[in-house]
Amino acid sequence: MKFGIDYGHNCPPDTGASGIRSEDVMTKDVGTRLMQKLKAAGHQVVNCVPSSASSVVGSLSQRCNTANSSNVDLYVSIHFNAFNGSANGTEVFAISDSGRKYAQPVLNSIVKLGYFNRGVKNGSNLYVLRNTDMPSILIECAFCDSEKDMDLYDPEKMANAILEGLTGKTPPPPPPGKDPNIVKLQQALNRLKITDKNGKALAETGIKDASTESATQKFQKITNLSSDGVAGPITLTTINQIFTKPILRPNHAGGPAVRYLQFRVGVDTDGVYGDSTAAAVAKFQKANGLTADGIIGPQTWTKLIG
Ligand SMILES: [Zn+2]
């Protein structure tokens, strides 16, 4: 589909309203994002904003001429309202049934963001709707002088809402970013020598992937937690308990740290520090040049987890 996108004003003497934010800045921001998103979705886009004009009517007529001569399928004009500081919400204008077919879903999509629904309105007094040959809509996204609207305002969300209303498609979510908490988890699991389901150490990418999930699940199974693969508060607390290097003695200690120890020395992870665990620990201590006393103190912990 071929869209004519006209972000309002931005062409002196055709300038927008100013409130808590400037209409010019917002229409350009939302309009530019929308154009880029429409192109990314495979549509053709014609930018209808003129570079200069000698009057407001001159600015408006150039916008209509560009849309008409480019034979766009739909003309979309983007504006922000201003009134008395307390009026707020979204309204979309159209003058034809074919325009209203787009106006309604665009309005629905924007009000989902939390703006008050002022309805689809008759735009027969609006120059750009009267003078474009194709279905056309004018979006008053929100009020630039309303605190409520400007608190809600986010140009990326607004552009996505308009895109969804125009095309019926939700934009794909952005690629996951590096999450410092996930980096910490991956570092912790590597330090604990907990590998993924293929026996591989984790890449410390900060991105939650299948490897991180399977390693988390492995740790949860070892320490007898519910193994959902999600590192929630209980899992993180258990990891931190092990990092405190608690002293473990035969027939005394129990719990997750013993289970973890058992995993490392290769015996059943039953959480009971009995004879077979003691024997495996003594073997581990001997192999690492430590006194084979079966007590897991600071030196043995250092050999286990650094
Ligand atoms: Zn305006």
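As a basis for the values below, the full set of heavy atoms in this structure was taken, side chains included, without hydrogen atoms, waters or symmetry mates. Computed from a predicted structure; not experimentally measured. Indexing begins at 1, ligand by ligand and atom by atom, following the structure's order.
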*Protein N, O or S atoms under 2.8 Å from the Zn ion (ligand 1)*: 3
*Please write out which residues are connected to V57 in a hydrophobic cluster, directly or through intermediates, given that two of Ile, Leu, Val, Met, Phe, Trp, Tyr count as joined at side-chain heavy-atom separations below 4.5 angstrom.*
V46, V56, L60, V72, Y75, F93, I95, L126, Y127, V128, L129, M134, L138
*In terms of side-chain geometry, is the basic nitrogen of D6 or R63 positioned less than 4.0 Å from the acidic oxygen of its partner?*
yes
_As an exercise, state the distance from CG of N10 to OG of S59, rounded to the nearest 0.5 Å._
9.0 Å
*Sequence neighbours excluded, which residues qualify as side-chain contact (heavy atoms from CB on, under 4.5 Å) partners of K245?*
R191, W301, T302, I305
With a cut-off of 3.5 Å and sequence neighbours excluded, list every side-chain donor-acceptor pair involving residues 103-110.
unit_1, atom_1, unit_2, atom_2, d
Q104, NE2, N108, OD1, 3.0
N108, ND2, Q104, O, 3.4
S109, OG, A161, O, 2.6

*Single hit among K2, H43, K101, M1 for side chain to side chain contact (heavy atoms under 4.5 Å, CB included) with L74*: M1
